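Scroll down for the structure; my scribbles are underneath it.
Note that the structure is predicted; figures quoted are calculated from it, not measured.
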Number of protein chains: 2
Amino acid sequence: MADGERNTVRAVERALDILLCFSSTEMELGLSDIAKRVKLHKSTVHRLLASLESRGFIRRDPHTQNYRLGWRILELVSNVHQSGDLSTVVLPEMTRLRDLLDETISLYIRSGTERIRIQAVESHQPVRRVANIGQRLPLYVGASGKVLLAWSPPEVVEQVLNDPKIPPDLDREEFIRQLERVRENGYAISIEEREAGAAAVAAPVFDRNGQLVAALSVSGPADRFTGAATLRFAEAVTRSAKIIHQILTAG
Amino acid sequence: MADGERNTVRAVERALDILLCFSSTEMELGLSDIAKRVKLHKSTVHRLLASLESRGFIRRDPHTQNYRLGWRILELVSNVHQSGDLSTVVLPEMTRLRDLLDETISLYIRSGTERIRIQAVESHQPVRRVANIGQRLPLYVGASGKVLLAWSPPEVVEQVLNDPKIPPDLDREEFIRQLERVRENGYAISIEEREAGAAAVAAPVFDRNGQLVAALSVSGPADRFTGAATLRFAEAVTRSAKIIHQILTAG
DNA sequence: AACGAGGTTTTGTATAGTGAAACACCCGGG
DNA sequence: CCCGGGTGTTTCACTATACAAAACCTCGTT
């Protein structure tokens with residue numbers, strides 16, 4: 001349904017692709033910039049931008065006249081999270097876990113062949129893992145990715161391993177064995193696997209029906225994720241995942 | 001340019017109107033619901049929703065199959081505010097003011113004939129003003145609205161007073177006199193003007209060129225906004241507005 | 001069974017969306 | 001001065017994309 005190839009409106013998809021140009025670190029973009037990124041003619045982009053601007057999703061910076069995200073996004077964001085939602089319900093326990101470990105706590109869900117960080121509580125330490133809510137990351141790398149795959153149906157693992165973006169040298173059988181190990185351990189560890197200098201430990205969060213709903217992770221600089229600390233993190237994150245499961249079961 | 005009547009793409013505007021159905025308190029909506037709200041045929045709405053879903057702006061709740069805002073909004077929101085931005089720069093001072101007064105502090109900008117709350121720090125009190133970032137409100141009512149108009153060009157005041165949404169019984173001359181009074185005082189007070197039980201005091205924030213950029217307001221339950229307290233709030237909010245002006249001038 | 005509610009699919013058509021070109025403006029260099 | 005390169009804005013001929021209506025499907029209720 002949501003594969004984007006059927007029964008959709010091309011003009012709308014193009015406009016949304018323009019909007020997504022602003023989801024990276026770029027703050028302001030000019031018309032030609034955007035046209036290059038989305039590979040459309042300038043005049044088409046100009047019109048699509050005018051449409052986005054007409055509804056407040058895009059605005060023009062008063063000084064530079066470059067395009068920026070509009071305030072309308074703010075208006076919507078309070079409705080993405082809502083009470084009773086997973087991302088809201090888990091926040092107190094994530095905050096408690098952050099206070100216990102003083103590392104950055106993130107909650108990921110799987111969306112297709114990616115994971116999305118839908119909630120985060122950052123460490124207070126000067127050197128910490130920065131955690132942008134909404135960020136999308138691969139599933140085939142990192143502790144949380146492995147947790148999300150370890151408890152997903154085999155078709156999902158297959159789909160991920162068939163993703164063209166996957167490194168050609170990834171050993172499928174070794175990867176499957178890793179997922180088995182994650183299931184046995186009940187958590188996953190990654191040391192500088194996705195990003196140099198960064199490490200994480202993640203545990204699965206199950207809902208009231210025993211279905212995987214999210215991965216809870218603690219992440220930070222790799223030099224703080226060694227031997228005894230890693231085990232301590234694993235215990236704590238696993239315990240919190242169970243507490244969240246109880247909350248979801250009771251709620 | 002951004003009046004939405006020229007050189008825009010109708011399909012895109014329609015899709016965005018659908019997205020805006022979710023900006024009120026509605027969390028989930030069905031196809032027929034949405035079609036009624038935007039006054040389009042079901043099949044059109046179905047296609048537009050599929051387009052929004054293809055890019056992650058809309059998702060379907062796994063249990064109810066109703067439509068909800070997608071996670072993509074989260075991904076964008078971190079780019080609406082950015083360091084160096086007004087809404088980011090003022091946050092420490094707003095937090096300090098909230099801690100001083102223990103009332104909700106908001107920052108509004110004018111956008112056309114409306115005001116938008118672009119930043120907020122809520123009171124800790126059990127009964128407090130709730131402040132949703134991104135909310136749009138009229139300019140012709142409320143302390144912040146009057147502040148934003150009092151320092152706007154006359155054409156803007158004219159435009160606002162000609163807005164069809166304005167109450168027919170609004171006394172234009174009295175309103176103009178109120179704006180003059182606001183300019184003399186250097187702040188505005190509103191008691192149960194926009195909303196029963198709620199009151200606010202607001203002061204103007206100027207940029208380095210002496211141009212009005214925002215209104216800083218303190219708001220809460222009306223019964224806490226009486227005589228001496230109101231004056232105290234006025235002094236404090238005006239002082240903070242000046243501090244913000246200094247920050248903007250220095251930065 | 002019929003009916004009404006919800007959502008999904010199909011289809012003919014005309015108009016809405018498109019891209020290319022022209023235009024406007026700015027800047028820097030010769 | 002002209003030229004070229006960059007930015008953004010406007011116009012217009014053309015056609016295929018977006019549309020709405022109808023049909024269809026499922027489910028629950030009477």
Side-chain angles (χ1 to χ4, degrees), chain A residues 1-22 24-70 112, chain B residues 1-22 24-70 112:
Chain A
M1 185 75 260
D3 55 12
E5 304 299 338
R6 301 195 297 158
N7 215 25
T8 55
V9 179
R10 190 181 64 164
V12 171
E13 290 181 313
R14 285 175 160 184
L16 297 176
D17 287 337
I18 289 173
L19 207 46
L20 291 178
C21 289
F22 297 90
S24 58
T25 53
E26 305 296 342
M27 290 312 314
E28 303 190 0
L29 292 164
L31 172 69
S32 302
D33 244 338
I34 296 167
K36 276 203 213 79
R37 284 164 177 257
V38 299
K39 299 185 176 68
L40 291 174
H41 199 275
K42 276 193 297 182
S43 61
T44 299
V45 172
H46 192 252
R47 244 181 313 106
L48 294 173
L49 281 167
S51 310
L52 289 163
E53 195 175 356
S54 79
R55 296 300 192 268
F57 285 87
I58 287 284
R59 64 190 160 109
R60 300 190 81 161
D61 189 279
H63 302 114
T64 61
Q65 290 299 304
N66 279 341
Y67 293 97
R68 302 189 54 173
L69 284 177
Chain B
M1 181 75 264
D3 55 10
E5 304 299 335
R6 301 194 298 160
N7 215 28
T8 55
V9 179
R10 188 181 63 167
V12 171
E13 290 181 314
R14 286 174 160 183
L16 297 176
D17 287 338
I18 288 173
L19 208 44
L20 291 178
C21 288
F22 296 90
S24 57
T25 54
E26 307 293 344
M27 292 309 315
E28 303 189 0
L29 291 164
L31 173 69
S32 302
D33 245 339
I34 296 168
K36 276 202 213 78
R37 283 164 180 257
V38 298
K39 298 185 177 69
L40 291 173
H41 198 275
K42 276 193 301 180
S43 62
T44 299
V45 172
H46 193 252
R47 246 179 319 106
L48 295 173
L49 281 167
S51 311
L52 289 164
E53 196 176 355
S54 79
R55 297 299 191 268
F57 285 88
I58 287 283
R59 64 190 160 108
R60 301 190 78 162
D61 187 280
H63 301 115
T64 62
Q65 290 299 303
N66 280 341
Y67 292 98
R68 302 189 54 172
L69 284 177

So, taking the atom named OG1 in B/Thr8 and the one named CG in B/Leu16, what distance separates them when rounded to the nearest 0.5 Å? 10.5 Å

Roughly, in whole Å, what's the span from NE2 in A/His41 to C1' in C/dA20? 5 Å

Option passing side chain to side chain contact (heavy atoms under 4.5 Å, CB included) with B/Ile18 (candidates B/Thr44, B/Leu29, B/Leu49): B/Leu49

Does A/Asp61 have any salt bridge (Lys or Arg N to Asp or Glu O under 4.0 Å) partners at least two apart in sequence or in another chain, and if so, which? A/Arg68

Between A/Lys42 and A/Lys39, who's closer to the 5' end of DNA chain C by nearest nucleotide? A/Lys39

Shortest non-hydrogen contact from A/Val45 toward A/Ile34: CG1-CG2, 3.7 Å

I want to verify a distance call: between C/dT18, D/dG8, D/dA20, whose nearest atom is closest to the A/Arg14 side chain? C/dT18

Using a cut-off of less than 4.0 Å, is there contact between a side-chain N or O of A/Arg47 and OP1 or OP2 of C/dA20? no

In whole angstroms, the gap separating P of D/dG8 from CD of A/Gln65 amounts to 10 Å

May I ask you to say what A/Ser32 touches in the nucleic acid, namely base, sugar-phosphate or nothing, with a heavy-atom cut-off under 4.0 Å? sugar-phosphate

In this structure, how many angstroms lie between the P atom of C/dG6 and the CD1 atom of B/Ile34, rounded? 12 Å

B/Asp17 CG to D/dC19 P, in whole Å, measures 12 Å

Could you work out which one of C/dG7, D/dT10, D/dA18 sits closest to the side chain of B/Asn7? D/dT10

Can you check whether B/Asn7's main-chain N or O pairs, donor with acceptor, with A/Arg47's side chain at less than 3.5 Å? no

From D/dT7, C/dG7, C/dT18, nucleotide with atom closest to A/Leu48 side chain: C/dT18

Between A/His46 (NE2) and D/dT9 (P), how many Å, whole number? 3 Å

Using whole Å, what does the distance between atom C1' of nucleotide C/dG7 and atom CD of B/Glu28 come to? 15 Å

Would you mind telling me which of D/dC19, D/dT17, C/dT8 lies closest to the side-chain atoms of A/Arg10? D/dT17

Atom CG of B/Asp33 and atom P of C/dA5: how far apart are they, to the nearest Å? 13 Å

Using the side-chain heavy atoms of A/Tyr67, tell me which of these nucleotides is nearest: D/dA22, D/dT9, C/dG17. D/dT9

Base of D/dA21, side chain of B/Ser43 - is there a donor-acceptor contact under 3.5 Å? yes

Send over the distance from A/Ile18 CD1 to C/dG17 C1', rounded to a whole Å. 13 Å

Out of D/dA20, D/dT9, C/dG17, whichever nucleotide has its closest atom nearest the side chain of B/Leu40: D/dA20

